[in-house]
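Just so it is clear, the model here is predicted, and its values are computed rather than measured.
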Amino acid sequence: MDLRFTPEERAFRQEVRTFFQENLPEAIRGKLVDGRHPSKDDIVTWQKILNKKGWAVPNWPVEWGGTGWDPVRQYIFLDELQSFPAPSPLQFGVYMVGPVIAQFGNEAQKKHFLPRIANLDDWWCQGFSEPGSGSDLASLKTKALREGDHYIVNGQKTWTTLGQYADWIFCLVRTDSTVKKQEGISFLLIDMKTPGITVRPIQTIDGGHEVNEVFFDDVKVPVENLVGQENKGWDYAKFLLGNERTNIARVGVSKQRIRRLKELAALERVGDTPILENPRFREKLAALEIELKALEMTQLRVVAAERTREKGKPDPASSILKIKGSEIQQATTELLLEVVGPYALPYVPEDEGDEHLSNEPPVGPDWAAPAAPTYFNWRKISIYGGSNEIQKNIIAKAILGL
């Protein structure tokens with residue numbers, strides 16, 4: 001298998017890079033370089049710029065706004081987007097529910113939802129995980145009872161990322177409790193303004209408000225918001241999660257973080273020596289770069305296999321990308337903590353009897369402030385999208401045949 005890029009593909013990479021340089025507001029890019037989160041307005045602004053260019057939904061069918069790029073160009077675009085870095089189009093719309101609607105939705109759903117998702121006129125969130133139904137997602141208990149032209153939904157979802165902004169939520173709900181648990185699940189699109197929906201924030205360990213609980217109390221959802229067939233939602237969820245796990249690899253993100261690590265390690269010193277010249281640090285950094293290059297080669301093999309894979313069928317190799325990609329992303333945060341050193345501390349404990357010490361954070365460079373919160377927050381990456389332990393089971397069964 002030849003994994004080298006053609007001259008045309010290299011020219012395309014330069015075209016993408018130039019567009020980002022000329023069109024992404026520097027204030028937005030600066031946040032990402034420093035390890036801070038873009039705001040809702042930042043994401044909306046950037047996705048509308050991409051959509052005007054025709055690049056907001058490159059993975060979609062051409063008739064619904066897709067670019068028609070082959071898998072290699074889609075990979076190049078995502079790699080440049082992440083490593084520039086630029087905000088990703090809203091994942092929940094562009095890479096999750098959008099492809100599901102395009103693949104399994106009816107024509108009315110496609111015409112109504114897909115253009116609005118592409119332009120980020122509607123903010124979507126994901127209603128999959130529940131208390132007690134995380135890794136074992138098929139055990140979910142949120143029920144949808146059919147009454148005439150509506151489903152009546154009752155239950156709870158949790159870890160709903162950015163649900164505080166959402167206009168719509170796509171949910172897995174139980175529509176049949178008499179069959180095998182995977183066979184009684186349906187895929188519903190629910191307007192977040194519907195009476196009976198309550199969103200409650202969950203404060204994360206880094207002090208942020210990124211995730212939420214969502215409660216459904218006798219929520220009426222039109223039957224027309226059912227995607228595909230009733231009780232076939234598990235198939236659609238597997239299709240969605242296959243896309244999500246491939247994107248979770250985030251090779252470009254890790255490239256950018258390593259590049260940033262080198263810049264910062266060249267500035268920070270231990271004594272008179274830059275941290276970057278420390279043999280032990282260089283050894284760790286080199287090992288991480290080697291692992292990242294191996295992951296990139298694996299992702300390129302998955303991209304190459306897209307040409308022959310059956311349309312709509314998830315690739316179990318995406319589980320490999322998810323596992324290793326999440327581990328590498330977490331490793332970059334660990335090395336950043338080594339560079340930041342004491343500036344990563346959230347506070348300095350006061351020693352009894354020493355009036356010169358306080359509980360104020362040590363004064364450090366601006367880029368040091370997000371290091372500890374990012375380290376703690378990125379522990380989640382090996383859990384969401386299906387925990388790494390579950391992915392290993394998928395690999396054992398689907399790839400190794402064990």
Distance-minimising heavy-atom pair for [X] and [Y]:
X: L81; Y: P89; answer: CD2-CD, 3.8 Å
X: P85; Y: R29; answer: O-CG, 3.5 Å
X: L261; Y: T332; answer: CD1-O, 3.8 Å
X: A138; Y: Q182; answer: CB-CG, 3.8 Å
X: N23; Y: P25; answer: O-CD, 3.3 Å
X: N388; Y: S326; answer: ND2-OG, 3.1 Å

Under a plain distance cut-off of 3.5 Å, with no hydrogens placed, do [Y] and [X] share a side-chain donor-acceptor pair?
X: T175; Y: S186; result: yes
X: E80; Y: S83; result: no
X: E213; Y: Q156; result: yes
X: E130; Y: T142; result: yes
X: N154; Y: D217; result: no

Is it true that [X] and [Y] make a salt bridge, defined as a side-chain N closer than 4.0 Å to a carboxylate O?
X: K193; Y: D167; answer: no
X: R146; Y: D176; answer: no
X: K180; Y: E183; answer: no

Please tell me if the side chains of [X] and [Y] come closer than 4.5 Å, counting only heavy atoms from C-beta onward.
X: I28; Y: P87; value: yes
X: W69; Y: F12; value: yes
X: W64; Y: V57; value: no
X: T198; Y: V214; value: no
X: V270; Y: I275; value: yes
X: P99; Y: N59; value: yes
X: F77; Y: L50; value: yes
X: Y236; Y: Q229; value: yes

Under 6.0 Å between ring centres: does that hold for [X] and [Y]?
X: W168; Y: F113; answer: yes
X: F104; Y: F239; answer: yes
X: W123; Y: F92; answer: no
X: F19; Y: W55; answer: yes

To the nearest 0.5 angstrom, please state how far the [atom1] atom of [X] sits from the [atom2] atom of [Y].
X: L32; Y: H37; atom1: CG; atom2: NE2; value: 9.5 Å
X: T194; Y: M192; atom1: OG1; atom2: CE; value: 9.0 Å
X: E224; Y: N106; atom1: CD; atom2: CG; value: 8.5 Å
X: I152; Y: E147; atom1: CD1; atom2: CD; value: 4.5 Å
X: Q91; Y: I43; atom1: CD; atom2: CD1; value: 9.5 Å
X: I381; Y: K322; atom1: CD1; atom2: NZ; value: 8.5 Å

Is the side chain of [X] donor-acceptor paired with the backbone N or O of [Y] at a distance under 3.5 Å, no angle test?
X: Y151; Y: L188; answer: no
X: K157; Y: F128; answer: yes
X: K143; Y: R174; answer: no
X: Q330; Y: W378; answer: yes
X: S133; Y: S139; answer: yes
X: Q47; Y: L90; answer: yes
X: N51; Y: K48; answer: no
X: K324; Y: L292; answer: no
X: R13; Y: E15; answer: no
X: Q109; Y: L226; answer: yes

> Would you find more than 12 non-hydrogen atoms of other residues, nucleotides or ligands less than 6.0 Å from K40 atom NZ?
Replying inline: yes
>> Is it the case that over 12 heavy atoms from other parts of the model lie below 6.0 angstrom from the CZ atom of R259?
In response: yes
> Between F170 and W124, how do the two ring planes meet: parallel, tilted or perpendicular, split at 30° and 60°?
Replying inline: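 F170 vs W124 ring planes: tilted.
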> Which of these passes side chain to side chain contact (heavy atoms under 4.5 Å, CB included) with E210: T160, N377, I202?
Replying inline: N377
> Can you check ring pair (Phe, Tyr, Trp, His ring centres under 6.0 Å) on F20 and W46, steps first, answer last?
Replying inline: CA-CA 10 Å; F20 291 166; W46 176 235; 5.7 Å; yes
>> Determine whether S39 and D42 satisfy the following criterion, side-chain hydrogen bond (donor to acceptor under 3.5 Å, both in side chains), listing intermediate values before the conclusion.
In response: CA-CA 5 Å; S39 67; D42 292 337; 3.1 Å; yes
>> Go through it in stages, so that I can follow the logic: the residues are T161 and C125, the test is side chain to side chain contact (heavy atoms under 4.5 Å, CB included), and I'd like the CA-CA distance, side-chain angles, deciding distance and then a yes or no.
In response: CA-CA 7 Å; T161 303; C125 64; over 6 Å; no
>> Quick one, D235 with F187, criterion side chain to side chain contact (heavy atoms under 4.5 Å, CB included). Give me CA distance, side-chain angles, the key distance, then yes/no.
In response: CA-CA 10 Å; D235 293 336; F187 196 107; over 6 Å; no
> Should R280 and E283 be marked as a salt bridge (Lys or Arg N to Asp or Glu O under 4.0 Å) after you check the CA-CA gap, both sets of side-chain angles, and the distance that decides it?
Replying inline: CA-CA 5 Å; R280 180 58 181 149; E283 180 182 322; 2.8 Å; yes
>> Is the positively charged end of R10 above the ring of F5, judged by distance under 6.0 angstrom from the centroid and angle within 45° of the axis?
In response: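 Ring-cation test returns no.
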>> If the test is salt bridge (charged side-chain N to carboxylate O under 4.0 Å, His left out), which one of R379, R257, K284 qualifies with E334?
In response: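 Considering R379, R257, K284, a salt bridge (charged side-chain N to carboxylate O under 4.0 Å, His left out) with E334 is found only for R379.
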> Passes side chain to side chain contact (heavy atoms under 4.5 Å, CB included), N278 versus T273? Steps please.
Replying inline: CA-CA 8 Å; N278 179 280; T273 305; 5.9 Å; no
> salt bridge (Lys or Arg N to Asp or Glu O under 4.0 Å) between E296 and K255: does it pass, once the steps are laid out?
Replying inline: CA-CA 10 Å; E296 185 176 19; K255 285 181 180 178; 2.8 Å; yes
